Chemist: 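Once you've had a glance at the structure underneath, I'll fire off some questions.
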Amino acid sequence: MRNGVCPKCKSTEIYHKSDGIRTGIGDRIFVSVSWWSKAMLDNYVCTNCGHVESYIPEASDLADIARKWDRVERQG
């Protein structure tokens with residue numbers, strides 16, 4: 001969706017917000033990297049079908065996740 005096209009419905013009605021999604025109580029939605037670390041999300045929404053994608057833009061956050069999370073092995 002970062003290219004402006006929805007992979008689900010092929011619409012170009014894509015909108016972007018880079019400072020986190022806010023919940024009803026004003027908190028932002030982040031990815032928890034560890035007990036003391038979190039990564040902000042870049043969020044994309046297709047207003048045609050409602051498909052949502054989120055990305056972590058910071059390379060340092062991605063490196064932390066690679067060190068601290070369990071890797072999913074390819075199946076089959």
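Note that the structure is a prediction, hence the values are computed from the model and not measured.
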Chemist: Measure the spacing between CG of N43 and NE2 of H16 and express it to the nearest 0.5 Å.
Modeler: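 Going from CG on N43 over to NE2 on H16, the span is 7.5 Å.
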Chemist: Any cation-pi pair here, R2 with Y55, using under 6.0 Å and within 45°?
Modeler: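 Yes, R2 lies over the aromatic ring of Y55.
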Chemist: Is any side-chain heavy atom of M1 closer than 4.5 Å to one of P7?
Modeler: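 P7 reaches M1 side chain to side chain.
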Chemist: Of all residues at least two apart in sequence or in a different chain, which pass the salt bridge (charged side-chain N to carboxylate O under 4.0 Å, His left out) check with D61?
Modeler: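 For D61, no residue satisfies salt bridge (charged side-chain N to carboxylate O under 4.0 Å, His left out) once neighbours in sequence are set aside.
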Chemist: Rounded at 0.5 Å granularity, tell me how far CZ in R67 sits from CG in L62.
Modeler: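 One finds 11.0 Å between CZ of R67 and CG of L62.
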Chemist: What distance separates T47 OG1 from E13 CD, expressed to the nearest 0.5 Å?
Modeler: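 Interatomic distance, T47 OG1 to E13 CD, rounded to 0.5 Å: 4.5 Å.
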Chemist: Report the distance from atom CD of E58 to atom CG of D64, rounding to the nearest 0.5 Å.
Modeler: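 Answer for the CD-CG pair, E58 versus D64, is 11.0 Å.
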Chemist: Within this structure, what is the CD1-CD1 distance for the pair I56 and I65, rounded to the nearest 0.5 Å?
Modeler: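 Interatomic distance, I56 CD1 to I65 CD1, rounded to 0.5 Å: 3.5 Å.
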Chemist: Does the E53 side chain pair with the main chain of H51, one donor and one acceptor, at a distance under 3.5 Å?
Modeler: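 No, because the side chain of E53 does not come within donor-acceptor range (under 3.5 Å) of the backbone of H51.
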Chemist: Is L41 linked to V33 within one hydrophobic cluster, defined over Ile, Leu, Val, Met, Phe, Trp and Tyr using a side-chain heavy-atom separation of less than 4.5 Å?
Modeler: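 Yes: a chain of side-chain contacts under 4.5 Å links L41 to V33.
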Chemist: What is the distance from atom OG of S54 to atom CE of M40, rounded to the nearest 0.5 Å?
Modeler: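 The distance works out to 12.5 Å.
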Chemist: Quick one: do C49 and S11 satisfy side-chain contact (heavy atoms from CB on, under 4.5 Å)? Show the steps, please.
Modeler: CA-CA 8 Å; C49 73; S11 171; over 6 Å; no
Chemist: Taking the side chain as every heavy atom from C-beta outward, state whether C6 and I14 have any pair of such atoms under 4.5 Å apart.
Modeler: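 They are in side-chain contact.
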